[in-house]
Amino acid sequence: MAQSVWGYDSDNGPDRWHENYPMAKGDKQSPIEINSKDVHHDSSLAPWHASYDPGSAKTILNNGRTCRVVFDDSFDRSVLRGGPLTGAYRLRQLHLHWGSSDDHGSEHVIDGVKYAAELHMVHWNPKHGNFARALKQPDGVAVVGIFLKVGKTPKPEMKRILAEIDNIKTKGKEAPFQHFDPSILFPKSRDYWTYHGSFTTPPCEECITWILLREPIEVSSDQMAKLRSLSKNGENEPLNPLVDNWRPLQPVKGRIVKASFK
Ligand SMILES: NS(=O)(=O)c1ccc(NCc2ccco2)cc1
Ligand SMILES: [Zn+2]
């Protein structure tokens, strides 16, 4: 019987990840709840800057666990700098986590508020040579997290990603996705929280400097429904909707969350 690959179902979900990925029980795991009363305003925190080359966008895929856009990270082509980071981190991919309804789906929770989805832009530190080595370092990876809040108006900048979903409905499907600058997805404000944590999926390595944007972007309920039309299953398998691909909250274990704003 093939070992059940990790996922979000009862037999392979977050409570069992530690069986194959021991880091899942570490003391710097993500996501966490951000409680504004416990946050430290750090006036020394610099603003962060993304300079992304739209030509670095390559493909969009459904891996059965999320929808992911992949970028060319073979040189410093699309990079994130500043904020809590030292040096330029290369953009490797972006993906999302979402719920089965609009009232939940984000991984991080802010003062008890769960958003409908959370978008992650994953960057790695080239001083470590490659992504595989970077994920073994505490300063190896930086993820910008953007919350998606359901409102009356659709987010136009999400339309290209959502339009591509019809071509990647089932697990393993991939399509070209070019000429895309993901910084169009950023909200107006650059305010952020930052803390040290982990991948929110296996291998759960504690290599991430999280940069969570305070201002959510607004999407429509129809746009969320489009995201939920993705399937976990492969083309000729029974329908298994790709929803609720979020990890539950993990223990903060004394970590300090810093805010760039008062
Ligand atoms: N949700 S997330 O932003 O923390 C995140 C980001 C990237 C990975 N990558 C997983 C991986 C590690 C080695 C190969 O592939 C996993 C999770
Ligand atoms: Zn993620």
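Just so you know, ligand 1 is whichever comes first in the structure, and atom 1 is the first atom listed for that ligand. For this chain, numbers begin at 1 and follow the sequence in order.
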What residue and heavy atom of the protein are closest to [atom], and at what distance?
| atom | value |
| --- | --- |
| atom 1 (N) of ligand 1 | Thr200 OG1, 2.8 Å |
| atom 9 (N) of ligand 1 | Phe199 CE2, 4.0 Å |
| atom 14 (C) of ligand 1 | Phe131 CE2, 4.0 Å |

For atom 13 (C) of ligand 1, state which one of Leu119, Leu135, Leu94 supplies the nearest heavy atom.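 Nearest heavy atom to atom 13 (C) of ligand 1 lies in Leu135.
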Check [X] against ligand 1 and report side chain, backbone, both or neither, counting heavy atoms closer than 4.0 Å.
| X | value |
| --- | --- |
| His97 | side chain |
| Val141 | neither |
| Trp210 | side chain |
| Pro203 | side chain |

Atoms of ligand 1 less than 4.0 Å from [X] heavy atoms?
| X | answer |
| --- | --- |
| Ile208 | 4 (O) |
| His120 | 1 (N), 2 (S), 3 (O) |
| Gln93 | 7 (C) |
| Thr201 | 16 (C), 17 (C) |
| His95 | 1 (N), 2 (S), 3 (O), 5 (C), 6 (C) |

Has the side chain of Asn20 got a donor or acceptor atom that lies under 3.5 Å from a matching backbone atom of Trp17?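 Pair absent, no side-chain N/O of Asn20 close to backbone of Trp17.
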What protein N/O/S atoms sit under 2.8 Å from the Zn ion (ligand 2), by chain and number?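 Metal shell, protein only: His95 NE2, His97 NE2, His120 ND1.
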Distance-only side-chain donor-acceptor flag, His97 / Tyr115, under 3.5 Å: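 There is no such pair between these side chains.
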Ser30 and Trp210: side-chain donor and acceptor closer than 3.5 Å?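 On atom types as modelled, these side chains qualify, holding a pair under 3.5 Å.
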Please name the pair of heavy atoms, one in Lys155 and one in Glu218, separated by the smallest distance, quoted to 0.1 Å.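 Here Lys155 and Glu218 meet closest at CB-O, 3.1 Å.
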Does atom NZ (Lys171) have a neighbourhood of more than 12 heavy atoms from anything else shown, all under 6.0 Å?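 No - once you tally the heavy atoms of other residues, nucleotides and ligands closer than 6.0 Å, there are 12 at most.
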Taking atom CZ of Arg160 as the centre, does the number of heavy atoms from other residues, nucleotides or ligands within less than 6.0 Å exceed 12?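 More than 12 heavy atoms, drawn from other residues, nucleotides or ligands, come within 6.0 Å of this atom.
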Please confirm whether Arg133 makes a cation-pi placement over Trp124, using NZ or CZ under 6.0 Å from the six-membered ring centre and within 45° of the ring normal.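 No, Arg133 does not sit over the ring of Trp124.
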Cation-pi between Arg214 and Phe261: NZ/CZ under 6.0 Å from ring centre and within 45° of the ring axis?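 Yes.
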Salt-bridge present ([X], [Y]; N to O < 4.0 Å):
| X | Y | answer |
| --- | --- | --- |
| Lys258 | Asp42 | yes |
| Glu205 | Lys136 | yes |
| Asp103 | Lys114 | no |
| Arg228 | Asp102 | yes |
| Asp166 | Lys226 | yes |

Does ligand 1 have any atom sitting under 4.0 Å from a heavy atom of Arg247?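 Judged by the 4.0 Å heavy-atom criterion, Arg247 does not count as contacting ligand 1.
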